[in-house]
Amino acid sequence: MSVLAAFLGYYDFKEWAAIWVPVLLFCVLIVLLVTAMRQMRPTKPQQIKPEDSPKIAWDDIAGVDEAKDELREVVDFMKDPKRFKALGATVPRGILLHGPPGTGKTLLAKAVAHESGADFFAQSAASFVETFVGVGAARIRRLFKVARKHAPSIVFIDELDAVGGRRGVGDVSGEKDQTLNQLLVELDGFNARGDVVVIAASNLLEKLDPALLRPGRFDRQVFVSPPDRAGRERILAVHTRAIPLAPSVDLDLVARQTSGLTGADLANICNEAAIGAARRHAEQVVAGDFDTALERIVAGMQARRGLNEQEKRTVAYHEAGHALCAELLPAVDRVHRISIVPRGRALGYTLNLPEEDRYLKTREELIDYMTVLLGGRAAEQLVFGSVTTGAAGDYEVVTALAAAMVDEYAMGTRVTLRRVVGGVSAEATMRLRDEEQADLADGAYRAALGLLRDHRRHLDALAAALLEQEVLERADIDRVLADLPRPVAGAGDLSVAATERSD
């Protein structure tokens, strides 16, 4: 009887397990899923409100006159649309500001909003991209829906490349492509949008999807370039309005010293100069404060590392080699300051001062520049008979410049009129390119050795003055090199001749 009861109980348990075990497992899965969802970052809808009208006027922006002229038309349209519509004109559907970082793209968008009096909606493209598919597209729809309700308005999308990159590249989940598709749809739907203008900014125009760049979406593409010398002086004047300047401050000289820097860099220099004056408890900012700020921005903070006598002597000859080659070559910018005071990662530096902004360089001028870069190593080899690791940065620039001369500018002697596209070449062509690059760098090094060997007395005098004073200004350089002859031929001519003789 007991055996029969146990047998029946066994079959009751199997029936119960077959029914309830799947139910229990399903409940456990539900609990685990709820727990995991609670651990994830919530994706609440982003609150979108128009910003206060930015207090940025046209007068607060300098050095980008061409871009301002392009955007003034948009402001005029939003202020007086009837004048344009009477002639059948429509406001540009989208304006894409592109160029290097720090050139003032965001400031230009804010100036448009301020001058036009329109509501300003600023969003970073990175804020559209989410882990969950569809969230970014929903945020784009909400942004444009709110902007249309507040028309006339301006939608500014910063760092457009974060969401506008080429579709199908590196997007596993599909969220980025779906977000971009929604942006394209919104840009195409502008016929019923009211007075809404989209301004976008990007530093990487070449990475954007072609569908974004076609007419009808971003009708205007405005390149915001770094300012020229006159533009830099005006930018400095804008950023020093609230700074008490001493009569010794020459903004034109500061503008000449900052060739290639952007508006953001210049604003940083003005701020660092003011901080340096406040640190000295001074009432005015003097020229020395700008020199110190420029050194800090370009070369880095002054380091406290101590060099032994041999290292100081090596650095002095290294920097003297750079400076002397620059003085002997007429195509290279004149030396403004030489220092053997360690700053940042550099143990010393030579600062060249261009007389004017240059946008084109000849083959001979580039070789002269490589000669100056290799002048430090050549001086070490000539004086000490050995070289150090101090010229690593010079080697890197020379290598990149020689590669660009052969691959991009077709300035070789054997590989000419052929530009490398995509880095794909036949093995024989690659070998020839490497030989061309080596010839350019080696020729520049031989030219530097020849120049320093012929003017060894001036090299020693310049190094001795550096060891004594640590920093030489332009007047000190003129005094030390008062009897230095100025050759007519550049190192480009010398290195070409040396290469031809070796061939």
Side-chain angles (χ1 to χ4, degrees), residues 98-101 161 165-171 202-210 213 223 260 318 321-322 325-326 329 331-332 345-346 358-381 386-452 489-503:
H98 63 97
D161 44 273
R166 295 178 181 271
R167 285 170 287 186
V169 178
D171 185 25
S202 175
N203 303 326
L204 302 170
L205 184 65
E206 65 279 1
K207 292 189 176 181
L208 295 181
D209 193 274
L213 304 179
F223 178 63
H318 183 101
H322 285 312
C325 286
L329 298 174
V332 180
R345 297 173 59 185
R358 294 283 305 278
Y359 302 102
L360 293 176
K361 294 285 188 180
T362 65
R363 181 177 187 272
E364 289 69 26
E365 288 172 340
L366 293 177
I367 294 176
D368 287 354
Y369 181 49
M370 286 196 296
T371 302
V372 173
L373 289 171
L374 294 172
R377 170 169 178 160
E380 293 180 17
Q381 180 68 47
S386 61
V387 294
T388 67
T389 59
D394 301 330
Y395 308 152
E396 183 177 355
V397 177
V398 168
T399 301
L401 183 55
M405 289 177 67
V406 176
D407 296 343
E408 297 181 26
Y409 310 141
M411 290 182 175
T413 56
R414 287 169 287 178
V415 182
T416 56
L417 302 182
R418 283 186 290 174
R419 185 179 185 275
V420 177
V421 180
V424 179
S425 300
E427 183 177 353
T429 305
M430 293 177 62
R431 185 183 304 109
L432 196 58
R433 284 166 43 206
D434 291 341
E435 292 174 358
E436 288 271 19
Q437 295 172 22
D439 288 343
L440 288 170
D442 293 343
Y445 184 64
R446 287 194 297 269
L449 274 175
L451 290 173
L452 298 180
D493 304 321
L494 297 176
S495 61
V496 169
T499 302
E500 292 174 351
R501 286 197 300 270
S502 64
D503 292 341

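Treat the numbers as computed from the prediction; the structure is a model and nothing was measured.
- The side-chain contact (heavy atoms from CB on, under 4.5 Å) check on Ala378 picks up Tyr445, Ala448, Leu449, Leu452, with sequence neighbours excluded.
- With sequence neighbours left out, Lys361 forms a side-chain contact (heavy atoms from CB on, under 4.5 Å) with Arg358, Glu365, Leu366.
- Contact annotation: the side chain of Glu206 approaches that of Leu204 to within less than 4.5 Å [non-hydrogen atoms, C-beta and beyond].
- To the nearest 0.5 Å, the span separating CD on Glu364 from CD1 on Ile367 amounts to 6.0 Å.
- With Gln437 as the fixed residue, the side chain to side chain contact (heavy atoms under 4.5 Å, CB included) test singles out one of Asp407, Leu432, Asp442: Asp407.
- Between Leu374 and His322, the closest side-chain pair of non-hydrogen atoms is not below 4.5 Å.
- Applying the side chain to side chain donor-acceptor pair (under 3.5 Å) test to Asp209 and every residue at least two apart in sequence or in another chain returns Arg167.
- Proximity of a side-chain donor or acceptor of His98 to a complementary backbone N or O of Ser202 within less than 3.5 Å is not detected.
- Closest of all the heavy-atom pairs between Phe223 and Pro100 is CE1-CD, 4.1 Å.
- Scanning for side chain to side chain donor-acceptor pair (under 3.5 Å) contacts around Asn203 gives Lys105, with sequence neighbours left out.
- Counting heavy atoms from C-beta on, the side chains of Cys325 and Tyr369 never come closer than 4.5 Å.
- Listed by chain and number, the residues in a side chain to side chain donor-acceptor pair (under 3.5 Å) with Glu380 are His318, Thr388 (sequence neighbours excluded).
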Donor-acceptor list for residues 395-405 side chains, cut-off 3.5 Å, not counting sequence neighbours:
unit_1: Tyr395; atom_1: OH; unit_2: Arg377; atom_2: NH1; d: 3.3
unit_1: Thr399; atom_1: OG1; unit_2: Tyr395; atom_2: O; d: 2.8

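- In this structure, CG on Leu451 lies 9.0 Å from CG on Asp368, to the nearest 0.5 angstrom.
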